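A quick write-up on the structure given underneath.
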Amino acid sequence: MEAFLEVAESIKKKDVLLKVWAKQVRDLSYNIEDCLSEFMVHVGSQSFLRRLMKLKDRHRIAVRIRDLKARVEEVSIRNTRYNLIKAEASNTTGDMDSHMEDVRNHSASNIDEAELVGFSKPKKELIKLMDVKTEEGTAKVVFVVGMGGLGKTTLARKAFESKEDIVNNFSCQAWITVSQTFSKIEMLKDMIMQLFGNEDLKKRLKELEGKTVQVDDLARYLREKLQEKRYFIVLDDLWTIDAWGWIKDIAFPTTNIKGSRIIVTTRDIGLAQQCTSKSLIYHLEHLHIDQATNLLLKKIGKTDEETKSDERMLNVISKIVNKCGGLPLAILTIGGLLATKVVEMWESIYEQIPSELGTNPSLEAMRRMVTLSYNHLPSHLKSCFLYLSIFPEDFEIKRRHLVDRWIAEGLVRASGGVNVEDVGIGYFNELINRNMIQLSKVNVEGIVKSCRVHDIMRDVMVSISRDENFVHLVGNSEASIIEGNFRHVSYHGSKGQNIGMDWSHVRSLTMFGERPAEPSPSVCSTNMRMLRALDLKNTLFKIRQKDINNIGLLCLLKYVDFKGPSYIYALPKSIRRLRGLQNLDIRDSYIVALPTEITELHSLRSLRCSRWAPYSSRWSKTNGVGVPRGISKLKELQILEVVDINQTSKKAVKELGELIQLRKLSIVGKGRFADQKRKILYLCAAIEKLSSLRSLSLDVGSGSLEWLHNVSSPPALLKKLKLLGDLGGKMPEWVGSLKHLVKIHLEWSRLKEDQVTEMLGKLPKLMLFSLDSYAYVGKKLVFRAEAFVNLRKLSIDITYPLTEVRFEKGASPKMELIEFSDGDLKSEIIGINHLPVLKQISLGRKGRVANLGMLQAEVDKHPNNPVLQLEGDLQRA
């Protein structure tokens, strides 16, 4: 069925009957999966008595299987009757691609008509990057990358047509449109004609008269003619590495050293990185708000004065500019639609954009630009992409959250022993590289941690998801009865709204709004027996204990997120029935200890629990939960947080060392933990055994962590270390051996200067160094030469009695950001001129420095042009 759907996907736009048939096949395949999943759950019942009790369920499943077999035969006969899938189906995409190409070219000319608002600077930067004045060396290849509709073609066209920079510096030029499908022979003919003239092409074809023209006949001629030429060629809209490899190898002479230049435009950052060096990739940015506003005003024929005098017009224009997100094609397309309507209708047009995208001919170009990228996605990424329509507009989507949900839904396929999470992260990065989603937050290592979806991209995504019964969004404007067997439901509605639909096929429920009237009274309704993912992290209501009492009836659950604050005080014992559960997040609840039944969930990969403490002091930031004996049975566990060591038995603490796949461990131990010597010995031994550990957090408040000195062989792959507790003024010796450590956060450590510079300063990969309350007890913190060679970020928050931070020449050569949140530096920050790549100094609301004016002067004359950011009401010393 999947194979048939992949073929149908490429041609269904041409045949309404085929589209209907493909929808039926997809729905049938979902039902078969559901039936098999339910069957496997019942087969897994262990006791004879339980099996007898489930005879009724088995009979029901048998009836379903018989019905499904009949439906399979029916859709198969329908395909044969109407000859919907033909042998030549894979070759029938040409007309659609041709139409796409017409739309794309129209879009480029549409952007041209706007006289390139916001494009003059990119044009100068692109020409500078090409370095056209250097008339020697092999051909330099510059890639222009960005999402569809951003203006890559327009930018390349303006550079191509620049007489002063291009026409006068190159003996021949050609503009070649590549696109998703192209004829090799026709492309070579086009290149010969543009580079050397129509007569030259006719001459070559005449020489080949009487024989079938082969690719190599034209390619050899092209290479010979280009050998002694300084050429400039634009390859517009490249989609695959294979296409680039063919063009590069067959069309361009490798021994030409005349300083030729090639510009390639593409939506795929990953493709560009495979084809040229990072320094030769030009990332075209979205328009700034003022540029986007000017472009829209120009299109609708209004002036800035007119909009300022009309509050209604100003409000709608602001909304549309925000929705278009700096995308020129979207601004011009919607602007063209507004220009034909009276101002009173603009608000209504704005509200209807999502629904109009699928039907309004005026918005066709914008929809096609998005669907072109979507259609080019491999099949495994299409479902992952559509899954994003679950989230609200402009929502920041965390990578871990998204990848975990993909895995739970079976959208990520790993093989050959590859870690399934790594495969999922690969999917995420590929969507980033293809400009299908936009990066939102990047950590100090340069790893994308969260993303957003462009509003226009999301509108098209929602439309496709709805057409395919994939995701249904429930909002305040929805009808009370929802038709269609939707697999994923995302609720954005207000309090008391009734969600009237058939829940028996729903695989995931995600809530962002108020508590609905239905499902009621429990969010774990027995009607949702096919549910794989239940995500209530972002609700506007608190989850109650009775909401989850029936959770054991949802046997197929793999992902559960009840992150609070919530009114949950205990996990029901029936949770043992969720044998396939992979992710459980129940942080910020009233749970004190996890039940023994949790140890029966052998598929668990991530277990996150913590107690909500709304009145906790600054020194007690996190309250953990006790974990039961038998925790060592969870052999798949990779994340475990937050373990309250005081609520956990010595036996369970000892078992932590048997979780050999554990990558992240967070432990708290307030009060008298330091006096429990036997438990401390077990914990030290457990830490030594966790060879896969990447992140370790130990929080004992202002209590003692001096027992950490007894750890002899720490996890060698540790990348993140967070220590909150008194180290007795000295770092454990083993910290100096952590060659992979990237981040360290210290609090109450009471370290002296030599501990910072002599040990931490020598860690080769340390990028983030965070000092909080009483982490450092010296008055001066000096970063000495050749120390902290990889440090990017320094964060300091309340470090009494610290009064001075100094950087010597040669210290921290990669430092980019200094944050000083809280404290009083009476001798300011000295030596920032020794930090060559410094980008920002941030002073928090209570961060005070001596002579702020002098620090500002130092910043102003810094050659890297850093920024001094003052947050809130800064108190100036």
Side-chain angles (χ1 to χ4, degrees), residues 443-444 610 613 616-624 641-642 664-671 673-674 695-706 708 718-732 735 738 741-757 759-761 763 766-783 788 791-806 812 815-826 829 840-849 869 871-872 874-875:
N443 71 5
V444 71
S610 65
S616 61
S617 70
R618 171 185 172 80
W619 320 120
S620 180
K621 298 177 181 177
T622 306
N623 288 309
E641 55 179 3
V642 175
K664 182 174 184 178
L665 175 62
S666 179
I667 292 175
V668 296
K670 309 293 170 62
F673 170 60
S695 174
L696 175 63
S697 174
L698 298 169
D699 178 4
V700 297
S702 57
S704 175
L705 277 178
E706 292 187 52
L708 274 177
L718 210 59
K719 295 182 67 176
K720 182 178 179 180
L721 182 61
K722 187 174 183 180
L723 301 178
L724 284 76
D726 189 352
L727 292 170
K730 184 180 180 182
M731 287 295 297
V735 174
L738 299 177
L741 196 67
V742 174
K743 304 175 184 178
I744 188 167
H745 175 90
L746 301 173
E747 193 168 343
W748 290 99
S749 307
R750 303 185 187 278
L751 297 180
K752 299 174 183 176
E753 183 179 342
D754 61 329
Q755 288 293 300
V756 173
T757 56
M759 180 177 291
L760 300 183
L763 294 174
L766 191 64
M767 294 185 180
L768 171 60
F769 184 23
S770 175
L771 292 169
D772 211 320
S773 312
Y774 298 99
Y776 184 74
V777 293
K779 291 186 176 182
K780 295 182 179 181
L781 180 57
V782 181
F783 290 78
F788 294 98
L791 196 64
R792 264 74 164 176
K793 179 178 176 181
L794 172 66
S795 179
I796 300 175
D797 186 8
I798 307 185
T799 54
Y800 177 84
L802 182 65
T803 60
E804 176 182 310
V805 175
R806 180 188 297 270
S812 309
M815 181 76 75
E816 297 178 356
L817 173 62
I818 299 172
E819 290 181 347
F820 187 62
S821 304
D822 202 343
D824 188 359
L825 292 182
K826 296 180 179 178
I829 303 172
Q840 180 177 313
I841 298 176
S842 177
L843 300 180
R845 182 177 295 274
K846 296 181 180 180
R848 296 181 295 180
V849 297
Q869 181 176 327
E871 299 177 6
L874 182 72
Q875 300 178 38

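Predicted model, so just to flag it, every value in this text is computed and none were measured.
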Query - L724 vs H745, side-chain contact (heavy atoms from CB on, under 4.5 Å): CA-CA, chis, key distance, verdict - result: CA-CA 8 Å; L724 284 76; H745 175 90; 4.0 Å; yes
Query raised in the report: Which residues pass the side chain to side chain contact (heavy atoms under 4.5 Å, CB included) test with L760, sequence neighbours left out?
Result: M731, V735, I744, L746, L763, F769, F788
Query raised in the report: Who pairs with E641 by side chain to side chain contact (heavy atoms under 4.5 Å, CB included), at least two apart in sequence or on another chain?
Result: R587, R608, I639, K664, S666
Report summary line: Rounding to 0.5 Å, atoms CG (L802) and CG (L771) come to a distance of 8.5 Å
Report task. Tell me, yes or no, whether the heavy-atom count around K719 atom NZ, taken from other residues, nucleotides or ligands under 6.0 Å, exceeds 12. Result -> no
Query raised in the report: Looking at NZ of K722 and OG of S695, how far apart are the two atoms once the value is rounded to the nearest 0.5 Å?
Result: 9.0 Å
Query - Minimal non-hydrogen separation, G701 against W748, with atom names - result: O-CD1, 3.6 Å
Query raised in the report: Backbone N or O of K779 within a donor-acceptor pair of the T803 side chain at under 3.5 Å?
Result: yes
Query - Shortest non-hydrogen contact between G725 and V700, atoms and distance - result: CA-CG2, 3.7 Å
Query raised in the report: For the residue pair L727 and E706, what are the closest heavy atoms and their distance?
Result: C-CG, 3.7 Å
Requested in this report: Just jot down the salt bridge (Lys or Arg N to Asp or Glu O under 4.0 Å) partners of R750, sequence neighbours excluded, or say none.
Outcome: D726
Requested in this report: To the nearest 0.5 Å, tell me how far K743 NZ sits from K720 NZ.
Outcome: 5.5 Å
Report summary line: Here the gap from I841 atom CD1 to L817 atom CG, rounded to the nearest 0.5 Å, amounts to 9.0 Å
Report task. Report the C-alpha distance between I796 and Y776 in whole Å, list the side-chain angles of each, state the deciding distance to 0.1 Å, and finish with yes or no for side-chain contact (heavy atoms from CB on, under 4.5 Å). Result -> CA-CA 10 Å; I796 300 175; Y776 184 74; over 6 Å; no
**Report entry** Approximate separation, where rounding is to 0.5 Å, of E804 CD and K780 NZ
**Finding:** 5.0 Å
Requested in this report: Output the distance between atom CG (L843) and atom CD (E819), rounded to the nearest 0.5 Å.
Outcome: 10.5 Å
